[in-house]
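Report on the structure given below.
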There are 2 protein chains.
Amino acid sequence: MSPRKIEETERALSRPATISDVARLAGVSVGTASKALNGRGSLREETRRRVRLAADELGFQPNSAALTLNSGRTYTVGMITTDTIGRFSIPLMTGVEDALGAGRMSVFLCDARDDPIREQYYLRTLLSRRVDGIIVTGRRTEARAPIGTDLPVPVVYAFISSTDPHDCSVVPDETGGARKAVDHLLALGRTRIAHITGPERHHSARVRADATTARLAEEGLGLVGAPMFGEWSEAWGRQAAGILMGAPDRFDAVFCGSDQIARGVADALRAAGRRVPDDVALVGFDNWEVMTLACQPALTSVDMELEHLGRTAANLLLTAINGEPAPGRHLNPCRLVVRDSTAVPVDLD
Amino acid sequence: MSPRKIEETERALSRPATISDVARLAGVSVGTASKALNGRGSLREETRRRVRLAADELGFQPNSAALTLNSGRTYTVGMITTDTIGRFSIPLMTGVEDALGAGRMSVFLCDARDDPIREQYYLRTLLSRRVDGIIVTGRRTEARAPIGTDLPVPVVYAFISSTDPHDCSVVPDETGGARKAVDHLLALGRTRIAHITGPERHHSARVRADATTARLAEEGLGLVGAPMFGEWSEAWGRQAAGILMGAPDRFDAVFCGSDQIARGVADALRAAGRRVPDDVALVGFDNWEVMTLACQPALTSVDMELEHLGRTAANLLLTAINGEPAPGRHLNPCRLVVRDSTAVPVDLD
DNA sequence: CTGAAAGCGCTAACAA
DNA sequence: TTGTTAGCGCTTTCAG
């Protein structure tokens, strides 16, 4: 039926059509109408058809508050970002929303802004709305205190994780990601690898640095110098590259803790006349296309597959809602995206 | 009361406490309990206190499905992003969510992914959930066909606008923003201004270019060359800067349609030995800090104040829900953020 | 195969 | 001041 028709009908009623309206129009009782529309009970096909017709006629949409009231289920989940919504949240939310939408669930968005008060306020709101489950996300992979204890609905932490190991968390396998980056460099024959990354207080920076060191150690190799902790910025990348070039140790590859840092490094190397990837191979982390593609040359990087992570978290939540919780930390694998900054130089003649 | 206590009490009931539980515990009828908790009717203060105590004891949270069922209001709104959630959506959503949260409304997040089918699906879902209103956003400022006609709830378009002028849209005043940029350059004494921007098919690119040309014309000036339409990328910025430098016309300023383009321009200028801002003043658009701060020198840029825009849209929606719609296109002013790329060079001696 | 009625949790009239 | 009751829209027994 056309939107116009729906509108006319609704205006005649001056309110959304209810199942009683449908029943009346079809000449049956509400009970019958309900069964007809939900394919339950045993009804004459004729009756069923008549009811469906009436429903279409009126543009009937079941009132979900009523549905909720007797089923107890709302088919909604809350998504709380504990710190401000940021760049990482986009693919994450997309994945969550996608997986839940497919399960016919709607998502409440709650931005707690790093404020514990707001966080608790949202939690109460969500519980009062009787959401079927809650997803907690954050801007960092740091573990955080559980958002509540013994909550009446399942909770899944995505990207961020809970300090309680019994909670269900889905986090990127940053260790695995870093190892893939190093593996790749080793396969290219690079053995003198430096590591420039973000602040040491950041969980991600530490984990990635540790994994890098450990992977090299497995090959009997050491990092060129110590991991260089600084900031997640291009400026730090440039500065650190300068320091590195000023030091006596030679290096043939730099693995960076973020794409921004890597891009700063690329700029500094180029300014100093060092060629990427010929003299120095360069790998970033995050696979943030804005950076990787603008970098000269295009940057090889580790992708945390956040959309997939979001989908996984959502699916774990759905199964938990259906009574099969999967407690513990779940690792979401990272993927290495190879680009020109580590391309093997080809001799054309 | 402690979370543990709530939990114990709830486990005893093995379901969320209802107002009947509260009433029973307080030794009153449900009607009385309702009045007590909502501050309505006239009750003895003693009774009120007793009920409140019981409610606290049980960790009572009113079931919002029940509230919805008799008030008809859900205190929820839907936010549909017609195209994929992107960088611009973050501040927008933050603003929307903030303003609505303050009005005690919760936000349903719907990502339609540029898919009209998904869009209509979400629309139906939202209507079936009886949201009090809908906010429609998008990734571009382009006008789009209304999401529906004669919908039973108010709709506000944010960032994107509706082709129907009677719909309520809140859009950034890109013309005003571009004029501010040009004003700033003129005030610095720059008169030979070039404009490098995104694809001509993009509304934003055209609007910003037109405004630039028009503003210069008011001063009896012309753009250096024609507006250079290309892509929203650094690569295009670099390329366009090259073209510009190769042309015979001299220029002392470049106003770019995006920060990415401007950054590309900055890199190309530096590589060619032209100093920013001394030889060429540079202004971007979007005030995307990742770009403006990483740019060398830091980039002056036009900020569309998207968070404010989101808040405005949300407030317009709230007033519309309360029966006072504000149809038409509402312009949200842009703000110029001045940084080093247009700083007046200071002679130190 | 269909209808009547109870009940989900809450509020608001109306009675007591 | 408090209790009782009807009703919001729907599903689900249980009778007919």
Side-chain angles (χ1 to χ4, degrees), chain A residues 10 13-52 54-55 58-76 104 127-132 152, chain B residues 10 13-52 54-55 58-76 104 127-132 152:
Chain A
E10 283 197 354
L13 292 160
S14 84
R15 54 166 176 73
T18 72
I19 201 171
S20 322
D21 300 324
V22 174
R24 195 171 321 117
L25 182 57
V28 297
S29 72
V30 287
T32 304
S34 172
K35 286 171 216 154
L37 293 173
N38 296 300
R40 261 187 272 280
S42 46
L43 298 182
R44 247 189 315 166
E45 191 47 44
E46 212 292 84
T47 315
R48 231 178 258 286
R49 220 176 35 72
R50 205 148 34 99
V51 173
R52 269 202 270 266
L58 298 172
F60 170 72
Q61 292 278 95
N63 179 325
S64 50
L67 295 181
T68 291
L69 203 50
N70 34 31
S71 73
R73 284 203 53 179
T74 55
Y75 295 92
T76 61
R104 332 220 77 213
L127 292 179
S128 152
R129 291 198 184 274
R130 301 290 191 270
V131 292
D132 294 334
Chain B
E10 283 196 354
L13 291 160
S14 84
R15 54 166 177 73
T18 71
I19 201 171
S20 322
D21 300 324
V22 174
R24 197 171 320 118
L25 183 57
V28 297
S29 72
V30 286
T32 304
S34 173
K35 284 172 218 155
L37 292 173
N38 296 301
R40 263 184 271 280
S42 47
L43 298 182
R44 246 188 318 164
E45 190 48 43
E46 212 292 88
T47 314
R48 232 180 256 287
R49 220 174 36 73
R50 205 147 36 99
V51 173
R52 270 202 270 265
L58 297 171
F60 170 72
Q61 292 278 97
N63 180 324
S64 49
L67 295 181
T68 292
L69 203 51
N70 36 31
S71 71
R73 284 203 54 176
T74 55
Y75 294 93
T76 61
R104 331 221 77 211
L127 293 180
S128 150
R129 290 199 185 274
R130 301 291 192 269
V131 293
D132 295 334

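Just so it is clear: chains get the letters A, B, ... in the order the sequence lines come, proteins before strands, and each one is counted from 1.
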Inset, instruction - Walk along DNA chain C from 5' to 3' and tell me the first and last nucleotide with an atom closer than 4.0 Å to a non-hydrogen atom of chain B. - result: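 For DNA chain C, the relevant span reads C:dG9 to C:dA13.
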Inset, instruction - List for me each residue that meets side-chain hydrogen bond (donor to acceptor under 3.5 Å, both in side chains) alongside A:R52, sequence neighbours excluded, and say none if there are none. - result: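 Expected list: none.
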Which atom pair, heavy atoms only, marks the closest approach of [X] to [Y]?
{"X": "A:A54", "Y": "A:V22", "answer": "CB-O, 3.8 Å"}
{"X": "B:V30", "Y": "B:S20", "answer": "CG1-CA, 3.7 Å"}
{"X": "B:Y75", "Y": "A:R129", "answer": "O-NH2, 2.6 Å"}

Legend entry - salt bridge (charged side-chain N to carboxylate O under 4.0 Å, His left out) partners for B:R50, two or more places apart: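 For B:R50, the residues satisfying salt bridge (charged side-chain N to carboxylate O under 4.0 Å, His left out) (neighbours in sequence not counted) are B:E46.
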Legend entry - Heavy-atom side-chain proximity of A:P152 to A:L127 below 4.5 angstrom: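 A side-chain contact under 4.5 Å exists here.
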Using side chain to side chain contact (heavy atoms under 4.5 Å, CB included) as the criterion, list what pairs up with [X], not counting sequence neighbours.
{"X": "B:L43", "result": "B:T32, B:K35, B:A36, B:R48"}
{"X": "B:T74", "result": "B:T68, B:T76, B:R130, B:D132"}
{"X": "A:L67", "result": "A:P62"}

Inset, instruction - Please give the angle, rounded to 10 degrees, between the axes at the start and the end of the helix from C:dC1-D:dG16 to C:dA16-D:dT1, where five pairs define each axis. - result: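 End axes: 50° apart.
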Inset, instruction - Would you classify A:T47 as touching base, sugar-phosphate or nothing, given that sugar-phosphate means primed atoms plus P, OP1 and OP2, and contacts are heavy atoms under 4.0 Å? - result: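 The residue A:T47 makes sugar-phosphate contact but no base contact.
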Inset, instruction - Test A:L58 against every option in A:T18, A:L25, A:I19 by the side-chain contact (heavy atoms from CB on, under 4.5 Å) rule and name the one that passes. - result: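 The residue from A:T18, A:L25, A:I19 that satisfies side-chain contact (heavy atoms from CB on, under 4.5 Å) with A:L58 turns out to be A:L25.
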Inset, instruction - Report the distance from atom CG of B:N38 to atom P of D:dT2, rounded to the nearest whole Å. - result: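 In whole Å, D:dT2 P lies 16 Å from B:N38 CG.
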Between N or O atoms, less than 3.5 Å apart, protein on one side and nucleotides 3-5 of chain D on the other: list the pairs.
residue, atom, partner, partner atom, Å
D:dG3, OP2, B:S29, N, 2.9
D:dG3, OP2, B:S29, OG, 3.4
D:dG3, OP2, B:T32, OG1, 2.8
D:dG3, O6, B:K35, NZ, 2.7

Legend entry - Distance, nearest 0.5 Å, that separates OG of A:S64 from CG of B:L69: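 Here the interatomic distance stands at 10.0 Å.
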Inset, instruction - Ignoring backbone atoms, test whether A:R40 places a side-chain nitrogen or oxygen under 4.0 Å from the OP1 or OP2 oxygen of D:dT12. - result: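 So the side-chain polar atoms of A:R40 do come within 4.0 Å of the phosphate oxygens OP1 or OP2 of D:dT12, strictly under.
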Distances for protein N or O near nucleotides 6-9 of chain D N or O, under 3.5 Å:
residue, atom, partner, partner atom, Å
D:dG7, N2, B:N70, ND2, 3.0
D:dG9, N2, A:N70, ND2, 3.4

